[in-house]
Amino acid sequence: MPPIIEIQGLRKTYRRSFRQPHNALDGLDLEVAAGQVHGFLGPNGSGKTTTLRALLGLIRVDGGTMRIFGEEVPQRLPQVVSRIGAVVESPQFFKHFSGRLTLQLLAESAGVPKDRVEAVLEQVGLRDAAKASVKGYSLGMRQRLAVAQALLKQPQLLILDEPANGLDPAGIHHMRELLQWLAHEQGVTVVVSSHLLSEVQQLCDSMTIVSRGRRIVDGSVAEIIAGHSGASLSVRFPDAASLPEAAEALTAAKPTVGAVVERDRLVVTGAPEAAWVTQTLAEAGIYLSELVTQTKNLESVFLELTGTAPAPGQTVQIGQSVAVPETAAPIEVPVTVANEAEEAQR
Amino acid sequence: MNLFKAELRRIVRRRLSLIFGILALAGVVVLSGFIWAISSQGPSEAELAEAQEMADDWNMENPDYVDCIGEEDYFEDNEFYEWALTDPEYEELSHQERCEAYVGGSRASDYVWTYTFDFESEGPSMLLGVVIVAGLIMMMLASSAIGAEWSSGGMSNLMVWHPNRMQVWGAKLGAALALCAVAMIALAALAFGLLFLTAAVRGEVGTLDGPWWEETLEVLLRTGVLALGMTTLGASLAMLGRHTAIAGGVIAGYLIIGDLIVQMASMAMPMPFPERLSLYTWVIAWISGRIELTDWSDMGMNPDVMVITWGDAGLLLGGIVLLFGALATWSFHRRDAA
Ligand SMILES: Nc1ncnc2c1ncn2[C@@H]1O[C@H](COP(=O)(O)OP(=O)(O)OP(=O)(O)O)[C@@H](O)[C@H]1O
Ligand SMILES: [Mg+2]
């Protein structure tokens, strides 16, 4: 099955008078497969919203190709737009209309049946607030209204830019269930950009991480995390006394391996694989009682990949995330970029 | 078509439309009511009698008038009034009337004031005013509907739904123009009805014959076209500036300050017919059909006359509207939506 969204080499340069032009998108690639929830991640200002805007024909781009449902966009957008629902960066609505009227006007303009309005209002939990004017809506209520308008068309592709922005815990939970239901039961393809990484980890099947207008990694969420978790193993022994001995045996076998005693366990980093640890220790006559591959969470992987992990006493400034060299081929999972020592070792 | 209907509804459902609509209706009703109140087909018997009494009272206080009444040959005997004898009307007047006319006595008509509304002669200009006001209101509504949608951010959202921008612009402009036409026709019809009724009951209708209808409808039609042009201009400026205030500011700014500056500059420059630089001249020429500008610079011997017909004015005003319309279309087509 061809990808639902295909973007290749997308470029967008903002030209500002008296200042250097700014490449918001610098040859960005993106592929989203059908029927998945796809996370679109990146530090602030990395070009996520710009990409989604370009995809929806809101801004012109300076290069690259984009396809949705196999159709060239933005040229063929009018033909496919009826199948796309989208929320682009906290959309605003005319303040003096009620939520219901806002949706009714959109539904009417596109020939969507009227009963969909009530259905989506119910779906996003705005049924009782539908009569009030948008002026009196809270941030989360506006966000819900935005999601409601995206759902109105019963789209086959749902593009949501930070949909969880401003939602309460119940709202986030509900949103997660809704999106997963849409993707896995209804076959809707969902693209979400989000900074709530624990949320993405739970919600998304696959993801793309971008930095400074370029893709740095893409693939399934589980694989990307797994690809970065081999770096750390937690080892326990029946007898805590063997901890220093084991550390010594491992570092002696391979100098690049790090082995640090942490209370009653040994944390091993830089080992090629778990089997190598068991074998080396067995050869040294030490038998372990437990070996756990420490799964990093998405947050630490993200920080590592984007190079935005905070150092003590420093703030990462916008635009300081890692830059991918132009010639670099897209990084395949599960290769790690950040740990060059490990790369050299192979 | 769906989009057009939705855009119509979007304008109609705005609170501002409701307010302006009520104000416009109230304006027409108040105008008719006012004319109803002041117009009459002439004083009643009682009013005349009362006025006559007041005139008589006043005359009794006037010694000259009393003398005049008391003496048959007052004018022949009094050398101050020799001029009155030469008046051609003198012979036709009764003695009392002579005293009223030449000595300054009061008449009943001095104490009753009557105004008779004449629909035939005064109706057309009132209808024209109503149509112009309707056009101005629709210009404001159109530019504010588009401007508010830009500044509220609703426009980007609409464009996500309708990526064909020309279709969006066409629907918005079409809805504004359609509403403008409906508003003008409705208000003009209401004003016609109320004023006609007022004239029939409290004034004079006059003869509304073929030529009257022809001329009136022609002027109203041209005024209506002007209003549609203003609506287009307002919508275009709002589209260009992406804000209501910009559209309103440019129009009001030009009509109030810009035109004044142009007029003052033209006075400083030695040029014939400086009035032709003012937009108002062309607007008046368009509405009234033609305007004649006279150049008195050679001291009134042989004044030059410049005639502006509605055709000339139509070319200029149409050109302005078209220019801004094209600019707005181009900019909407090209520019990134914020
Ligand atoms: N209208 C604009 N004019 C100039 N620069 C812009 C404009 N819009 C975006 N940019 C720039 O483009 C870059 C990408 O912005 P974008 O909004 O796509 O980031 P983002 O990934 O969505 O960030 P966030 O996580 O904060 O939402 C930023 O550096 C921003 O400064
Ligand atoms: Mg963004």
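Chain letters run A, B, ... following the sequence lines, proteins first, then strands; residues in each count from 1.
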Within a radius of less than 6.0 Å around [atom1] of [X], do more than 12 heavy atoms belonging to other residues, nucleotides or ligands occur?
| X | atom1 | result |
| --- | --- | --- |
| B:Phe34 | CZ | no |
| B:Phe196 | CZ | no |
| A:Arg16 | CZ | yes |

Approximate separation, where rounding is to 0.5 Å, of [X] [atom1] and [Y] [atom2]:
| X | Y | atom1 | atom2 | result |
| --- | --- | --- | --- | --- |
| B:Arg9 | A:Leu101 | CZ | CG | 6.0 Å |
| B:Ser156 | A:Arg53 | OG | CZ | 7.0 Å |
| B:Asn164 | A:Leu77 | CG | CG | 10.0 Å |
| B:Arg10 | A:Ser109 | CZ | OG | 7.0 Å |

Residue A:Val61 versus chain B: region with a heavy atom under 4.5 Å: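 Looking at A:Val61, nothing touches chain B.
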Where on B:Arg15 is there a heavy atom nearer than 4.5 Å to chain A: the side chain, the backbone, both, or neither? side chain
Given a strict heavy-atom distance threshold of 4.5 Å, which part of B:Arg14 is in contact with chain A: side chain, backbone, both, or neither? both
Side chain of [X], backbone of [Y]: donor and acceptor closer than 3.5 Å?
| X | Y | answer |
| --- | --- | --- |
| B:Arg165 | A:Leu58 | yes |
| A:Arg60 | B:Arg334 | yes |
| B:Asn157 | A:Phe93 | no |

Does a side-chain N-to-carboxylate-O contact under 4.0 Å join A:Glu108 and B:Lys5? no
Close contacts, residues 128-138 of chain A versus chain B, judged by heavy atoms under 4.5 Å: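 When heavy atoms of chain B are the reference, residues 128-138 of chain A contributes no residue within the under-4.5 Å range.
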May I ask you to list the residues in residues 150-163 of chain A that approach chain B closer than 4.5 angstrom, counting heavy atoms only, ordered by number? A:Leu152, A:Lys153
Suppose we screen for ring-ring contact (aromatic ring centres under 6.0 Å, His included). Which residues come up paired with B:Trp161, at least two apart in sequence or across chains?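 Residues passing ring-ring contact (aromatic ring centres under 6.0 Å, His included) with B:Trp161: none at all.
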With B:Ala183, which residues qualify under side-chain contact (heavy atoms from CB on, under 4.5 Å), at least two apart?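 In terms of side-chain contact (heavy atoms from CB on, under 4.5 Å), with neighbours along the sequence ignored, B:Ala183 is linked to B:Met138.
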Please find the pair of heavy atoms, one from B:Val160 and one from A:Ala86, that lie closest to each other, and give the distance.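 For B:Val160 versus A:Ala86, the nearest heavy atoms are CG1-CB, 3.8 Å.
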Decide side chain to side chain contact (heavy atoms under 4.5 Å, CB included) for B:Arg13 and A:Phe97; before the verdict, give the C-alpha distance in whole Å, the side-chain angles of both, and the deciding distance to 0.1 Å. CA-CA 8 Å; B:Arg13 288 295 295 268; A:Phe97 283 169; 4.1 Å; yes
